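Data first, discussion second: the structure below is written as structure tokens.
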Amino acid sequence: MAAVSMRLPVARKAVGPSAPRGGEKHLVAPGDTITTDTGYMRGHGTYVEEEKLIASVAGAVERVNKLVCVRALKTRYNGEVGDIVVGRITEVQQKRWKVETNSRLDSVLLLSSMNLPGGELRRRSAEDELAMRDYLQEGDLISAEVQSVFSDGAVSLHTRSLKYGKLGQGVLVQVSPSLVKRQKTHFHDLPCGASVILGNNGFIWIYPTPEQKDEEAGGFTTNLEPVPLSDREVISRLRNCIVALVTQNLMLFDTSILYCYEASLSHQIKDILKPEVMEEIVLETRQRLLDLEG
């Protein structure tokens, strides 16, 4: 008979109100007044009524000089040039692939915007077009960079650098794009033995850290060797830690993930998803991040 894990109801801890900086709100709901100062300009997610700047969406208030906008907490991905994304091939078309990147419209990867296997750079021929499905086919996962954004919001990708390309063995975690912190690099080899790609589009790829960087294949050979149990356990723990951070609405970047991983080591991997354990390890992570900033 299989063991059943049961949790008894527990009283939730009261969370004290955090004092916003400068007496202004940082998290707002639709209809909340952001400021009554008429010197501010309204940006996305806001409107003006009776000389008050009011939020039209639920999210975090962002200020750039005198421009105020509200970044929605739950939204589809809006591409920006230079973003690192993880996507899934949904269709092979003439001279292009369609890619699902968690945005309102499918993204596009042109045949001319990728390195050919071997990393060679040359003009694409008819033979290359016929062999497109040999490079990438439906269901394949890729890492890429946003090359341009069309007027309708659709995104054009490229994989011209050898660090981009087809993804092999690993785990995909889908989170809200607003929780992925923008950094100089989104490829991280963590000291715990696994690597993560933090896609700006909210797709996070966790995979075993390769022993050597294989740059001969131009990002198109996938290692299908069995992954050792120890690596699979590290990947599973990282995945559950990311889910815990997302559940508690903590920003995702290399330091927060690593601190959460270290805080979870005293618990079994499957126990990390229990609400009380999530709360405990994320609280410890948040405290370490505050100590780091201080």
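Note that this is a predicted model, so its numbers are computed, not measured.
With 3.5 Å as the limit, one finds no donor-acceptor pair spanning the side chains of Asp140 and Tyr135. Side-chain contact check for Arg237 and Ser264: at least one donor-acceptor pair (N or O, by modelled atom type) lies under 3.5 Å. Judged by distance alone, the side chains of Glu80 and Asn200 never bring a donor and an acceptor atom under 3.5 Å apart.
The line from OH of Tyr207 to CD1 of Ile235 is 10.5 Å long, rounded to the nearest 0.5 Å. Ile197 contributes atom CD1, which lies 9.5 Å from atom CG of Leu141 (distance to the nearest 0.5 angstrom). Rounding to the nearest 0.5 Å gives a distance of 4.0 Å between CG of Leu273 and CG of Asn240. With values rounded to the nearest 0.5 angstrom, Met251 atom CE is found 7.0 Å from Lys181 atom NZ. Atom OH of Tyr40 and atom CG of Asn65 lie 10.0 Å apart (nearest 0.5 Å). A distance of 10.5 Å separates CG in Leu110 from CD in Gln93, rounded to the nearest 0.5 Å.
Between Trp205 and Ser143, the closest side-chain pair of non-hydrogen atoms is not below 4.5 Å. In this structure, the side chains of Leu167 and Val86 come closer than 4.5 Å at one or more pairs of heavy atoms. Thr33 has its side chain out of reach of Leu53: every pair of non-hydrogen atoms, C-beta onward, lies at least 4.5 Å apart. A heavy-atom distance below 4.5 Å is not found between the side chains of Met41 and Val68. Side-chain atoms of Asn201 and Asp83, non-hydrogen and from C-beta on, never get closer than 4.5 Å to each other. Looking at Glu262 and Glu284, their side chains never come closer than 4.5 Å, going by heavy atoms from C-beta outward. The side-chain heavy atoms of Phe203 and Thr101, taken from C-beta on, include no pair separated by under 4.5 Å.
Crowding of His44 atom NE2: a count of heavy atoms from other residues, nucleotides or ligands under 6.0 Å not exceeding 12. Atom CD of Gln137 has more than 12 heavy atoms from other residues, nucleotides or ligands within 6.0 Å.
Ion pairing of Arg88 with Glu138 is absent here, as no side-chain N (NZ or NE/NH1/NH2) approaches a carboxylate O to less than 4.0 Å. Salt bridge absent: Arg104 and Asp152 never bring a charged side-chain N and a carboxylate O closer than 4.0 Å. The pair Asp271-Lys274 meets the salt-bridge criterion, since a charged nitrogen lies less than 4.0 angstrom from a carboxylate oxygen.
Using cut-offs of 30° and 60° for the angle between ring planes, the Tyr164 and Phe187 rings count as tilted.
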